[in-house]
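Okay, so here's the structure we're looking at.
Start at 1 with the first residue, then count along the sequence.
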Amino acid sequence: MQNAAFESVFRAMDTCKRCFILTLALAIFLIFFENSGTTVFGFTEDNELTETMVEEALHHSPYFNTRRYDVEDVGDDDWLMVERNGNQFVVNGQPFYVNGFNTYWLMVFAADQSTRGKVSELFQQASSVGLTVCRTWAFNDGQWRALQKSPSVYDEEVFKALDFVVSEAKKYKIRLILSLVNNWDAYGGKAQYVKWGKAAGLNLTSDDEFFSHQTLRSYYKAHVKAVLNRVNTLTNITYKDDPTIFAWELMNEPRCTSDPSGDTLQSWIAEMAVYVKSLDAKHLVEIGLEGFYGPSAPARAQFNPNSYATQVGTDFIRNHQALGVDFASVHIYADSWISQTISDAHLQFTKSWMVAHIEDAEKYLGMPVIFSEFGVSTKDPGYNSSFRDTLISTVYKTLLNSTKKGGSGAGSLLWQLFPDGTDYMDDGYAIVLAKSPSTSNIISLHSTRLAIFNSMCSWKCRWGCKKKNALETFLYHDDL
């Protein structure tokens, strides 16, 4: 059986180095489980994956154990911009499905030499389980250790800290989604822009005037221009030219409750997406929405978590149809939106919420969708780590069901990943990999699946992704 397995794999091999390594790893993976006699690709007869099986499989594969996420594994020639091809992300003509995470405070930690090492530690740990994209803040407005102290006035040391984050991410082959302002008060947000406007003599009565007042719009545009045109002091690469940056996010969780029609926010999105593209046509742009359905799609409102969600001024389908927006973003917080107490209803909502948005991204938008925040808080009544693992698995399995059909489900970003020793920053959602072995294994397995899928589906490597073979058992195992 061993010779037959190797011959089958080598017939499928291409000349590209990464396909070779992935294919060789797969051959070893095949042989290991063929010889075990009790499982196929880490699944029991009931199609249940065990942590021990994952550990053994990875241990017996030298590629996944020691080379898979080696920071030197991808040269600069391969470190190219992420692009969009229809409803799929691609890098150098190769599909790029995303398994990623959020850690919002990286710039602030990098600004202090005593905590800067935590940024490197986090990227190393994320890389070790195959996470490839990190979403973080490229803003801190008027607060402690602010990047932007007042409109267009920056703290150079904090900007250098952001330089470090970008530079360090590249070392670990992690790409960044950089968010440019907050809807909420943390790190300044739209409220800080309104304070600046009032200090300049503007007659402002609502934080939502951030979206409508021309002066505040100009403040935001100036910040966008400063970030995109920033020349990294460590790499000498301008941000708008750096492939390390996966995408620009217009705002974290924009809402405009003063205008439930959605017109005000739509106008802002339309202007700002085009503005970002006018400065940087190379990078992808996304809005940062939570995914609530609005007035333009009344039939889809049934999928909203509650009636209030239709009144916050956002409109998932309409917003994402704005010129310049490349992919959709959706957040998943059943414990905030449905009920705080843990229940199976959270899992049911998560799946239906995801399926609805994947369908809409395919039918109405023709673009990928990333579920860019999801998690569960340890502070929720009834919380246990097993439920968290089940929630994460539900998200991953729903995405894989889309992946195998060539659908718009393009990836997900955990909220949120922390290195050890940063518990004081935990909002309840933090995952520390070293303290969460079962969660770490689930993340690593999903990364493995996506890495193999991305390679086997490569047009460059010419390994047809629709080919029926034993690999599909590992990638999809039944209908998930």
Side-chain angles (χ1 to χ4, degrees), residues 42-43 47-55 58 98-105 122 125-136 253 290-291 305 329-355 357 370-401 409 411-450 477 480:
F43 293 93
N47 273 346
E48 294 297 324
L49 179 73
T50 67
E51 295 169 20
T52 302
M53 293 171 187
V54 175
E55 286 183 5
L58 298 182
V98 172
N99 194 20
F101 64 101
N102 288 267
T103 309
Y104 67 88
W105 42 253
L122 176 77
Q125 292 172 1
S127 178
S128 74
V129 292
L131 296 171
T132 55
V133 174
C134 171
R135 178 171 169 264
T136 193
E253 298 186 335
E290 295 158 282
S329 64
V330 179
H331 295 180
I332 313 171
Y333 287 114
D335 58 347
S336 294
W337 302 340
I338 304 294
S339 67
Q340 190 177 11
T341 302
I342 296 299
S343 73
D344 287 344
H346 290 194
L347 302 176
Q348 295 163 6
F349 167 76
T350 295
K351 187 170 183 178
S352 64
W353 183 244
M354 292 181 70
V355 169
H357 287 84
I370 287 187
F371 296 89
S372 49
E373 288 189 24
F374 75 98
V376 60
S377 174
T378 58
K379 299 175 183 179
D380 294 338
Y383 169 85
N384 58 69
S385 60
S386 177
F387 180 84
R388 182 173 70 183
D389 287 349
T390 303
L391 176 69
I392 294 172
S393 294
T394 298
V395 171
Y396 287 167
K397 290 174 181 179
T398 305
L399 283 168
L400 283 172
N401 277 335
S412 60
L413 309 174
L414 287 159
W415 185 274
Q416 55 182 331
L417 204 65
F418 276 30
D420 206 0
T422 54
D423 305 52
Y424 59 95
M425 296 288 289
D426 185 7
D427 59 355
Y429 291 83
I431 297 172
V432 179
L433 294 175
K435 296 180 179 179
S436 312
S438 63
T439 306
S440 179
N441 280 338
I442 291 169
I443 295 169
S444 185
L445 174 65
H446 188 61
S447 296
T448 302
R449 284 171 160 159
L450 293 186
H477 81 99
L480 294 168

Strictly distance-based, threshold 3.5 Å: is any side-chain N or O of [X] a donor or acceptor partner for the main-chain N or O of [Y]?
X	Y	result
Trp353	Tyr333	no
Ser444	Asn441	no
Ser329	Ile370	no
Thr439	Asp389	no
Asp335	Ser377	yes
Ser352	Gln348	yes
Asn102	Leu414	yes
Ser447	Val129	yes
Ser436	Leu433	no
His357	Val330	no

Considering all heavy atoms of both residues, which atom of [X] and which atom of [Y] are nearest to each other, and what is their separation?
X	Y	value
Phe387	Ser343	CE1-O, 3.7 Å
Val98	Thr132	CA-OG1, 4.4 Å
Phe374	Phe371	CD2-O, 4.1 Å
Thr136	Thr103	OG1-O, 2.7 Å
Ser339	His346	O-NE2, 2.9 Å
Leu417	Leu122	O-CD1, 3.5 Å

Measure the acute angle between the ring planes of Tyr396 and His446, then classify it against the limits of 30° and 60° as parallel, tilted or perpendicular.
parallel
Which of parallel (below 30°), tilted (30 to 60°) and perpendicular (above 60°) describes Trp105 and Phe418?
perpendicular
Chi angles and distances behind the side-chain contact (heavy atoms from CB on, under 4.5 Å) call for Lys351, Lys397
CA-CA 9 Å; Lys351 187 170 183 178; Lys397 290 174 181 179; over 6 Å; no
Heavy-atom distance under 4.5 Å between the side chains of Lys435 and Asp423, does that happen here?
yes
Dump the intermediate steps for side-chain contact (heavy atoms from CB on, under 4.5 Å) on Gln125 and Leu131, then the final yes or no.
CA-CA 9 Å; Gln125 292 172 1; Leu131 296 171; over 6 Å; no
If you measure only the distance, is there a donor-acceptor pair under 3.5 Å linking the side chains of Gln416 and Tyr104?
no
Within this structure, what is the [atom1]-[atom2] distance for the pair [X] and [Y], rounded to the nearest 0.5 Å?
X	Y	atom1	atom2	value
Ile338	Leu347	CD1	CG	11.5 Å
Ser438	Ile392	OG	CD1	8.5 Å
Ile332	Thr350	CD1	OG1	5.5 Å
Leu399	Asn99	CG	CG	9.0 Å
Thr378	Tyr383	OG1	OH	6.0 Å
Asp426	Ile431	CG	CD1	10.0 Å

Restricting to salt bridge (charged side-chain N to carboxylate O under 4.0 Å, His left out), what partner residues turn up for Asp427, sequence neighbours left out?
none
Starting from the C-alpha separation in whole Å, work towards a yes-or-no answer on side-chain contact (heavy atoms from CB on, under 4.5 Å) for Trp415 and His331.
CA-CA 10 Å; Trp415 185 274; His331 295 180; over 6 Å; no
